[in-house]
Amino acid sequence: MAELRLRRLTKRFGTAEVVRAVDLDIAAGEFAVFVGPSGCGKSTLLRMIAGLEDITSGELWIGGRRCNDLEPRERGIAMVFQSYALYPHLTVRENMGFGLSLARRPRAEIAARVGEAARILRLEPLLDRRPAQLSGGQRQRVAIGRAIVRKPAVFLFDEPLSNLDAALRMEMRMEIARLHQELGATMIYVTHDQVEAMTLADRIVVLDGGRVQQTGAPIDVYRHPANRFVAGFIGSPRMNFLPVTVQAAGKERVTVHSPVVPAMAVAARGFAAGNPAVLGIRPQHLRLADGAAAGVALTGRIELVERLGAETVVSLRLDDGTQLLASIPQDVAIRPGGSATFHVDPAAAHLFAAGG
């Protein structure tokens, strides 16, 4: 395993700058996940680390070596792609050992490495099958096994589960998490799926517009988003955003209000009285009003009720037209067309600059 250091790493295609001066340290043995919407630059950044894209400017260090000008095979990395890219005419055993055969490694060494990877991935009963005889999840495990046999310093995963159905994605997430625990290897994983990011990562790197918006432990990024983009991207259903005006501002707390939001004090800094702002409330922090509910009340018309079993998602339209989503952790007796009141604890709310 090896540590990585990215210093103002930049990629341009003509005049378009798709990765913008990224500074990032990834510790040896860390599982880092690059997450963000399509087009944010996460896959391009991964391909720059792999050596599949040239670096326009900046520096890339892997295991103490400057790798800007090194060929991919010299960087000590192995990459698992979204496409399995298995040879259909070769068996699982031959697919996993193909790279070692090209490198002219001894047959005994190839057999030992393939056997060990097959044991780790529970592929031993499948070694003599061909890809057409495997399920999607088994094929992806073979692709991962092909990376393991190379014993790389860094594993790179480029959206490896996006071709799988929901059940297989969950199974493979657990497989990859177990693999990281067993190998203790440095892993970098690219996805647009925040569930994968939250469940797999030691640390997530949220990107947008080619820039790093925030890094940190998944739960810290969820609880303390650095800006409105991160707040809206991390969490499902996405965070509610309500336009408000700052009524009064102190050193640690700010009082905000709007025609549909009663005055409430929120922990925030850097705002002055009269400033426009955006109040962020997660759907999970809205509670249906009852005798025990407390907090600031928000009332609107129920437009949609989605019953998902473990939770019910309610779409509420406030008087000013703002849509509000509430996630209730049970199947409640509530129907579209009526009105409802939800309470929010101001301590659970976030405040962002308007337009920020």
Side-chain angles (χ1 to χ4, degrees), residues 37 194 206 208 213-214 221-308 311-356:
Q194 59 173 290
V206 185
D208 185 48
Q213 302 294 317
Q214 187 172 358
V221 174
Y222 176 83
R223 289 176 176 168
H224 308 291
N227 54 42
R228 182 175 171 178
F229 169 80
V230 176
F233 188 81
I234 299 296
S236 180
R238 71 188 303 273
M239 183 180 284
N240 298 293
F241 296 111
L242 293 82
V244 293
T245 301
V246 175
Q247 190 176 61
K251 290 184 178 180
E252 302 291 337
R253 303 188 74 78
V254 172
T255 301
V256 300
H257 73 103
S258 80
V260 294
V261 179
M264 59 188 296
V266 182
R269 299 179 183 180
F271 292 89
N275 285 167
V278 176
L279 184 69
I281 304 171
R282 293 207 181 276
Q284 293 81 4
H285 293 151
L286 287 164
R287 301 181 306 281
L288 190 62
D290 58 28
V296 174
L298 300 172
T299 301
R301 182 178 179 81
I302 302 168
E303 291 194 330
L304 182 66
V305 177
E306 298 178 289
R307 303 186 189 279
L308 306 178
E311 65 176 350
T312 298
V313 178
V314 179
S315 177
L316 199 70
R317 186 71 63 178
L318 304 183
D319 289 343
D320 67 347
T322 303
Q323 185 188 48
L324 202 67
L325 293 179
S327 178
I328 309 169
Q330 67 264 351
D331 185 11
V332 296
I334 191 170
R335 295 179 180 277
S339 65
T341 298
F342 288 84
H343 287 158
V344 58
D345 181 356
H350 303 264
L351 195 66
F352 306 99

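- Under the 4.5 Å side-chain criterion, counting only non-hydrogen atoms from C-beta, Pro283 is not in contact with Ile328.
- Within the model, atoms CG of Leu316 and CD1 of Ile334 stand 8.0 Å from one another, a figure rounded to the nearest 0.5 Å.
- A side-chain donor-acceptor contact under 3.5 Å links Gln284 to the backbone of Ser236.
- Here the closest heavy-atom approach between residue Val261 and residue Leu279 is recorded as CG1-CD2, 4.1 Å.
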One pair to check against side-chain contact (heavy atoms from CB on, under 4.5 Å): Val314 and Phe342. What are the steps and the verdict?
CA-CA 10 Å; Val314 179; Phe342 288 84; 4.2 Å; yes
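- Scanning both residues, Ala273 and Ala249, for their nearest heavy atoms gives N-CB, 4.2 Å.
- More than 12 non-hydrogen atoms from other residues, nucleotides or ligands lie less than 6.0 angstrom from CZ of Arg307.
- In this structure, CG on Leu242 lies 5.5 Å from OG1 on Thr322, to the nearest 0.5 angstrom.
- Between atom CE of residue Met264 and atom NE2 of residue His257 there is a gap of 13.0 Å, rounded to the nearest 0.5 Å.
- Taking both residues in full, the closest heavy atoms of Pro37 and Phe229 are given as CD-CZ, 3.6 Å, listed atom of the first, atom of the second, then distance.
- The line from OG of Ser339 to CZ of Arg317 is 15.5 Å long, rounded to the nearest 0.5 Å.
- Remark: Thr245 OG1 to Asn275 CG distance equals 9.0 Å, nearest 0.5 Å.
- No side-chain donor from either of Thr255 and Gln247 sits under 3.5 Å from a side-chain acceptor of the other.
- Gln213 contributes no side-chain N or O that, together with a main-chain N or O of Asn227, makes up a donor-acceptor pair within less than 3.5 Å.
- In terms of modelled atom types and a separation under 3.5 Å, the side chain of Arg282 and the main chain of Ala348 share no donor-acceptor contact.
- For Gln214 against Ala226, the heavy-atom pair with the smallest separation is OE1-N, 2.6 Å.
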Go through the steps to decide whether Phe352 and Met239 satisfy the test side-chain contact (heavy atoms from CB on, under 4.5 Å), and finish with yes or no.
CA-CA 12 Å; Phe352 306 99; Met239 183 180 284; 4.0 Å; yes
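- Across all non-hydrogen atoms, the minimal contact from Ile302 to Ala340 is CD1-CB, 3.7 Å.
- For the pair Ser258 and Pro243, the tightest heavy-atom approach, listed with the atom from each and the gap, is CB-O, 3.5 Å.
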Can Thr312 and Val305 be said to form a side-chain contact (heavy atoms from CB on, under 4.5 Å), step by step?
CA-CA 7 Å; Thr312 298; Val305 177; 3.6 Å; yes
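- Within the 4.5 Å cutoff, the side chain of Val296 has heavy atoms near those of the Pro346 side chain.
- Taking CD1 of Ile281 as the reference point, atom CG of Leu325 lies at 11.5 Å (rounded to 0.5 Å).
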